[in-house]
Peer 1: 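Starting off with a structure, shown below.
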Amino acid sequence: MNPILANTAAFTAIATGLVAIVGLMLADYWQSRPARYLFKPIAALAFVSLALCLGATSSVYGTWLLAGLVACLVGDLCLMPDRQDTFLAGLAAFLCGHLLYVVAFMHLGINAVALLIGAVPALLLLFFSTRWLRPHLPPGMKLPVYVYMLVITAMLLAACLTTSNPSGIFIVCGAWGFAMSDLAVARQQFVQPTRRNGLWGTPLYFGSQLLLATTPALT
């Protein structure tokens, strides 16, 4: 049996997270704020709990990753009210989360060839997402969003460094899933608010965080 699924506490965290993700998707689609305030913290706590269950505090990599997961949990809480001031606070929390992930990934070794290969799609994502968002950003949001996008790109590049590690494929998939889910948040916040954004952005984001949270057990 998979060692992660054999860990009862980890299995419980994963199952709880999946249930909360579905609940949050339905809450956002039906625009139920009470349900959103219930399921979003549970979904975020699930990925932090999963990392703890899988020994995140027993390694330098795991400790930095756990710090990033906690920062993302804070970001999730900040985004719940749907206000610009809390959105900026959430943006700052997620920016810290990305930077902490960068530090974590760099503790797993360096694969220069994979970095060169991974740089191409990462820089293409940066270019096209910037071009897509630029006309929709309010003047006061341009600098914070551009800085955030640069940090996301740094996280994707750092994830490429880990491909020689046994957990590398999970890290790369988790990092890219996280980055792509941010497009749903940007579309909702700046481009075209619609209930459909959460139908793909929510499972992609929380699924990616759960995937990253498993990696301390795989390194």
Side-chain angles (χ1 to χ4, degrees), residues 2-5 7 10-11 13-18 20-21 24-25 40 43-57 59-76 79 90 93-111 114-115 117-119 121-122 125-126 129 148-149 151-186 200-219:
N2 187 300
I4 296 173
L5 298 181
N7 184 318
F11 181 80
I14 293 171
T16 301
L18 293 176
I21 291 167
L24 179 58
M25 290 169 62
K40 191 164 191 178
L45 285 169
F47 59 68
V48 173
S49 299
L50 178 60
L52 287 170
C53 293
L54 295 176
T57 57
S59 68
V60 176
Y61 163 74
T63 302
W64 282 104
L65 181 78
L66 179 62
L69 291 169
V70 171
C72 291
L73 182 153
V74 173
D76 286 324
L79 292 187
F94 281 116
L95 185 146
C96 291
H98 285 303
L99 289 174
L100 290 164
Y101 286 164
V102 169
V103 176
F105 299 159
M106 293 184 70
H107 279 86
L108 296 181
I110 295 177
N111 187 327
L115 175 62
I117 295 172
L125 177 65
L126 175 64
S129 57
Y148 183 75
M149 293 169 70
V151 173
I152 291 175
T153 305
M155 182 198 65
L156 294 175
L157 295 176
C160 293
L161 298 175
T162 70
T163 52
S164 297
N165 190 277
S167 65
I169 185 62
F170 296 95
I171 291 173
V172 171
C173 290
W176 270 93
F178 191 173
M180 297 304 293
S181 72
D182 279 333
L183 297 179
V185 176
W200 64 274
T202 295
L204 186 58
Y205 165 72
F206 284 102
S208 297
Q209 296 288 49
L210 286 171
L211 188 61
L212 289 172
T214 67
T215 58
L218 304 173
T219 54

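Nothing fancy with the numbering, it's 1 onward along the sequence.
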Peer 1: Starting at CZ of Phe47, measure out to CD1 of Ile21 and round the result to the nearest 0.5 Å.
Peer 2: 9.5 Å

Peer 1: Mind checking the CG-CG spacing from Leu218 to Leu108? Nearest 0.5 Å is all I need.
Peer 2: 11.0 Å

Peer 1: Quick check: do Leu45 and Thr16 have side-chain heavy atoms less than 4.5 Å from each other?
Peer 2: no

Peer 1: Quick one: closest heavy-atom pair of Leu204 and Ser181, and the distance?
Peer 2: CD2-N, 3.7 Å

Peer 1: Can you sort out the partners of Phe170 under ring-ring contact (aromatic ring centres under 6.0 Å, His included), two or more places apart, ordered by chain and number?
Peer 2: none

Peer 1: How far does CG of Asn165 sit from OG1 of Thr215, to the nearest 0.5 angstrom?
Peer 2: 8.5 Å

Peer 1: Just how far is it from atom OG1 of Thr162 to atom CG of Leu115, taken to the nearest 0.5 Å?
Peer 2: 11.0 Å

Peer 1: Check whether any side-chain heavy atom of Asp182 lies under 4.5 Å from a side-chain heavy atom of Tyr148, and answer yes or no.
Peer 2: yes

Peer 1: Side chains of Ile117 and Cys160: does their closest heavy-atom pair fall under 4.5 Å?
Peer 2: no

Peer 1: State the NE2-OG1 distance between His107 and Thr219, to the nearest 0.5 angstrom.
Peer 2: 12.0 Å

Peer 1: Rounded to the nearest 0.5 Å, what separation is found between the CG atom of Leu50 and the CD1 atom of Ile14?
Peer 2: 5.0 Å

Peer 1: Please report the closest heavy-atom contact between Ala56 and Pro216, naming both atoms and the distance.
Peer 2: CA-CB, 3.9 Å

Peer 1: Distance-only criterion, 3.5 Å: show the donor-acceptor pairs between side-chain atoms of residues 66-76 and protein atoms not counting sequence neighbours.
Peer 2:
from: Asp76; atom 1: OD1; to: Tyr205; atom 2: OH; distance (Å): 3.3
from: Asp76; atom 1: OD2; to: Tyr205; atom 2: OH; distance (Å): 2.8

Peer 1: Looking at Thr153 and Ala122, what are the two nearest heavy atoms and their distance?
Peer 2: CG2-O, 4.1 Å

Peer 1: Kindly assign one of parallel, tilted or perpendicular to the pair Tyr101 and Phe105, based on the angle between their ring planes and the thresholds 30° and 60°.
Peer 2: parallel

Peer 1: Taking all non-hydrogen atoms of both residues into account, name the closest pair between Met155 and Val102 and its distance.
Peer 2: CA-CG2, 3.5 Å

Peer 1: Can Val151 and Phe94 be said to form a side-chain contact (heavy atoms from CB on, under 4.5 Å), step by step?
Peer 2: CA-CA 10 Å; Val151 173; Phe94 281 116; over 6 Å; no

Peer 1: For residues Ala175 and Leu212, report the shortest heavy-atom separation together with the two atoms involved.
Peer 2: N-CD2, 4.2 Å

Peer 1: I need the minimum non-hydrogen distance between Cys53 and Asn7, along with the two atoms involved.
Peer 2: O-ND2, 3.3 Å

Peer 1: Is it true that atom CH2 of Trp64 has more than 12 heavy atoms of other residues, nucleotides or ligands lying nearer than 6.0 Å?
Peer 2: no

Peer 1: Tell me every residue that passes side chain to side chain donor-acceptor pair (under 3.5 Å) with Thr163, counting only those two or more places apart in sequence or in another chain.
Peer 2: Asn111

